[in-house]
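Read through the structure below, which is laid out as structure tokens, and then see the notes.
Fair warning: this is a prediction, and the values are worked out from it, not measured in the lab. The figures that follow rest on heavy atoms only: side chains count, while hydrogens, waters and symmetry mates do not.
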Amino acid sequence: MSLPPRDLRRRQLIGAAAATFFLSVSRIGFASSSQIVAVRVWPSSTYTRVTIEASEAIRYKHFSLAEPNRLVIDLEGVQLTGILQDINKQIQSADPFIQTARAGQFNSNTVRLVLDLRNEVKPQIFSLQPIGEYRHRLVVDLYPASGQQDDPLLALLQDYNKGQLNEQAPLGSKGRTDMNRIITVVIDPGHGGEDPGAVGPSGVYEKDVVLRISRQLKKLIDSEKNMKAHLTRDEDVFIPLGVRVAKARKLGADLFISIHADAVANRTANGSSVFALSENGATSSMARLLAKSQNDADLIGGVKISGKDRYLAHTLFDLTQTATINDSLKLGKSVLGKMGNLNRLHKSQVEQAGFAVLKAPDIPSILVETAFISNYEEEKKLVSPAFQQQMAEAIMSGVRQYFAQGAVLARI
């Protein structure tokens with residue numbers, strides 16, 4: 001049966017209005033929902049991190065329960081998926097903070113995540129904006145609630161997240177090397193935890209190979225009768241750049257050596273490099289880009305506080321910093337020369353740029369790019385235990401030469 005023209009027109013208008021209404025509701029619902037794309041758990045002796053990655057920023061509420069200890073996090077605008085349901089599969093038996101984890105649909109618009117804890121914790125929960133390959137992330141850091149500070153790094157991490165690092169730490173006076181006292185070297189394996197660093201063609205992570213090289217270097221330094229080495233991390237854990245520098249200063253380090261494995265889009269690029277801090281901009285476009293990528297580690301790994309570099313900013317152009325940079329260049333030249341006996345050098349001189357991790361005002365500091373992990377052949381070298389040992393030996397040889405040439409040290 002056909003309708004009169006007026007009734008047909010009315011039905012068309014009603015249908016169009018209804019379609020517009022439902023489309024509007026659908027759009028509103030989509031905008032307010034967040035699809036979980038990944039959940040990752042990073043346990044360490046210092047703290048455990050849980051990251052929840054989503055298509056949109058996650059709205060959340062959280063509270064703690066006792067007897068037994070639990071942390072409850074309500075994820076709003078989220079629907080339960082297999083990714084969240086399987087979170088307990090990521091909890092390791094050796095995790096010192098989380099015993100088990102589970103998730104369930106609390107109501108039509110909320111997923112409740114429950115972390116069953118081994119002990120009371122101090123949780124820090126914050127959001128990170130998308131960067132690189134990561135989308136929106138909700139970060140849950142679990143620190144021990146106990147006042148015991150057995151690990152000095154733990155205190156630094158806590159102070160850093162509270163924005164309470166000592167900005168007025170006294171600078172040491174310089175003096176000739178006293179071979180009768182222990183020389184302290186802090187070795188910094190780059191990246192870690194949520195921040196994998198560069199990734200090689202076969203999927204090798206920079207954070208893993210540089211940790212192995214750093215451990216080998218520590219053994220060599222510790223075998224010297226008048227030297228002692230410390231690692232900024234000896235686990236797969238994220239450590240903020242400022243905390244790495246702060247730990248070196250707290251330990252009274254005489255040298256700071258950050259170990260990395262370079263990567264660029266051009267997979268034919270190869271060779272080893274050494275970098276020092278610059279007061280006046282980067283010495284090359286590559287050095288500038290590399291410094292930016294390394295400084296983005298805090299954005300990738302995630303730091304709660306803003307103004308993360310304020311601890312070091314006021315010292316950058318200090319006269320002490322200038323003298324320290326000169327010492328860093330001498331150290332870098334010695335190390336670069338020895339590395340040239342093992343691997344091709346990408347550049348024949350020490351380059352400079354504004355690396356945040358090299359900004360200790362009173363500690364000669366260098367960043368060593370051991371090889372290009374983005375290069376097929378050099379990636380194979382980097383995963384070789386023999387090459388890792390040889391690279392550590394080359395760096396150690398450069399350190400010995402630096403001291404043999406009459407290096408100056410900060411007196412403690």
Output, in order, the C-alpha distance, side-chain angles, deciding distance and verdict of salt bridge (charged side-chain N to carboxylate O under 4.0 Å, His left out) for D116 and R70.
CA-CA 5 Å; D116 298 304; R70 286 155 289 163; 5.0 Å; no
Check whether any side-chain heavy atom of R118 lies under 4.5 Å from a side-chain heavy atom of P96, and answer yes or no.
no
Residue pair I36 / I52, side-chain heavy-atom distance below 4.5 Å:
yes
Measure the spacing between CZ of F238 and OH of Y47 and express it to the nearest 0.5 Å.
6.0 Å
Of all heavy-atom pairs between H191 and A297, which one has the smallest distance, and what is that distance?
ND1-CB, 4.4 Å
Residue pair V399, I221: steps toward the side-chain contact (heavy atoms from CB on, under 4.5 Å) verdict:
CA-CA 9 Å; V399 170; I221 292 174; 5.7 Å; no
side-chain contact (heavy atoms from CB on, under 4.5 Å) assessment of I183 paired with K228
CA-CA 6 Å; I183 296 170; K228 176 65 177 177; over 6 Å; no
I'd like to know whether L75 forms a side-chain contact (heavy atoms from CB on, under 4.5 Å) with L84, so could you lay out the CA-CA distance, the side-chain angles of the two residues, the decisive distance to 0.1 Å, and finally the verdict.
CA-CA 11 Å; L75 310 176; L84 284 169; 4.3 Å; yes
Just how far is it from atom OG1 of T46 to atom CD1 of I239, taken to the nearest 0.5 Å?
6.0 Å
Is the backbone of H260 close enough, under 3.5 Å, to the side chain of T370 for a donor and an acceptor to pair up by distance?
yes
Under 3.5 Å: donor-acceptor pair, side chain of D188, backbone of I257:
no
Using the side-chain contact (heavy atoms from CB on, under 4.5 Å) rule, pick out the option among L382, V199, V383, D262 that qualifies with I373.
L382
So, does S365 use its side chain to make a donor-acceptor pair with the main chain of I363 at under 3.5 Å?
yes
Taking C-beta and beyond as the side chain, do Q79 and Q105 meet within less than 4.5 Å on heavy atoms?
yes
E120, CD atom: more than 12 neighbouring heavy atoms under 6.0 Å
no
With a sphere of 6.0 Å drawn around CZ of F387, does it hold more than 12 non-hydrogen atoms of other residues, nucleotides or ligands?
yes
Which heavy atom in E235 sits nearest to a heavy atom in S45, and how many Å separate them?
OE2-OG, 2.7 Å
From L142, D141, V237, residue fulfilling side-chain contact (heavy atoms from CB on, under 4.5 Å) relative to R49
D141
Not counting sequence neighbours, which residues clear ring pair (Phe, Tyr, Trp, His ring centres under 6.0 Å) with F372? List them please.
H346
Do the side-chain N and O atoms of E379 and S202 include a donor-acceptor pair separated by under 3.5 angstrom?
yes
As a quick check of understanding, evaluate salt bridge (charged side-chain N to carboxylate O under 4.0 Å, His left out) for E393 and K338, giving each step before the final call.
CA-CA 9 Å; E393 290 172 353; K338 299 300 182 181; over 6 Å; no
Between K207 and D236 (salt bridge meaning N to carboxylate O under 4.0 Å), is one present in this structure?
yes
Exercise: identify the closest heavy-atom pair between H136 and A57
CG-N, 3.4 Å
Evaluate the side-chain hydrogen bond (donor to acceptor under 3.5 Å, both in side chains) criterion for residues N343 and E378: first the C-alpha distance (whole Å), next the side-chain angles of each, then the deciding distance (0.1 Å), finally the verdict.
CA-CA 9 Å; N343 196 37; E378 292 202 339; 3.2 Å; yes
Please report the C-alpha distance between Y134 and I300 in whole Å, then the side-chain angles of each, then the deciding distance to 0.1 Å, and finally whether the side-chain contact (heavy atoms from CB on, under 4.5 Å) criterion is met.
CA-CA 8 Å; Y134 290 111; I300 296 171; 3.5 Å; yes
Please report the shortest heavy-atom distance between H62 and I125, naming the atom on each side.
CG-CD1, 3.5 Å
Distance check, rounded to the nearest 0.5 Å: I87 atom CD1 versus Q85 atom CD?
11.5 Å
Does a sphere of radius 6.0 Å around CD in Q349 hold more than 12 heavy atoms from other residues, nucleotides or ligands, not counting ones at 6.0 Å or beyond?
yes
Should D74 and K61 count as an ion pair when the cut-off is N to O under 4.0 Å?
no
Result block: side-chain N/O donor-acceptor pairs under 3.5 angstrom for residues 208-218, not counting sequence neighbours:
| from | atom 1 | to | atom 2 | distance (Å) |
| --- | --- | --- | --- | --- |
| S214 | OG | V210 | O | 2.7 |
| R215 | NE | D234 | OD1 | 2.7 |
| R215 | NH2 | D234 | O | 3.0 |
| R215 | NH2 | D234 | OD1 | 3.3 |
| K218 | NZ | D222 | OD2 | 2.6 |

Determine whether V140 and F126 make a side-chain contact, defined as any pair of heavy atoms from C-beta on separated by less than 4.5 Å.
no
Evaluate whether atom CD of Q35 has more than 12 neighbouring non-hydrogen atoms of other residues, nucleotides or ligands under 6.0 angstrom away.
no
Please check if any side-chain donor atom of N226 sits under 3.5 Å from a side-chain acceptor atom of R181, or the reverse.
no
Close side-chain approach of L277 to K359, heavy-atom, < 4.5 Å
yes
Between T110 and E76, is any side-chain donor less than 3.5 angstrom from a side-chain acceptor?
no
Within the distance-only criterion (no hydrogens, no angle test), does the side chain of R244 pair as donor or acceptor with the backbone N or O of P189 below 3.5 angstrom?
yes
Looking at every non-hydrogen atom in both residues, tell me the closest pair between P123 and S64 and how far apart they are.
CG-OG, 4.5 Å
With side-chain hydrogen bond (donor to acceptor under 3.5 Å, both in side chains) as the test, would you mind laying out the steps for S278 and N280 before giving the verdict?
CA-CA 6 Å; S278 170; N280 302 306; 5.6 Å; no
Check for a donor-acceptor pair, side chain of D95 on one end and backbone N or O of F97 on the other, with a separation under 3.5 Å.
yes
Gap separating the OG atom of S284 from the NZ atom of K347, nearest 0.5 angstrom:
4.0 Å
Test log, rule salt bridge (charged side-chain N to carboxylate O under 4.0 Å, His left out), inputs E194 and R137
CA-CA 11 Å; E194 184 78 345; R137 284 174 293 165; 3.3 Å; yes
If I take atom CD1 from residue I98 and atom CD1 from residue I91, how far apart are they, to the nearest 0.5 angstrom?
4.5 Å
Side chains of V274 and E369: does their closest heavy-atom pair fall under 4.5 Å?
no
Side chain of E206, backbone of A198: donor and acceptor closer than 3.5 Å?
yes
Could you check if a side-chain atom of M391 sits within less than 4.5 angstrom of a side-chain atom of S272, using non-hydrogen atoms only?
yes
Can the ring centres of F355 and F275 be said to be less than 6.0 Å apart?
yes
In terms of heavy-atom contacts, does NZ of K381 have more than 12 from other residues, nucleotides or ligands at under 6.0 Å?
yes
Contact check, side chains of Q99 and L115, non-hydrogen atoms, under 4.5 Å
no
What is the distance from atom CZ of F256 to atom CZ of R249, rounded to the nearest 0.5 Å?
12.5 Å
Counting N and O atoms only, with roles assigned by atom type, does the side chain of N270 sit under 3.5 Å from a partner on the main chain of S374, one being a donor and the other an acceptor?
no
Closest contact, heavy atoms only, S34 versus I58
OG-CG1, 3.8 Å
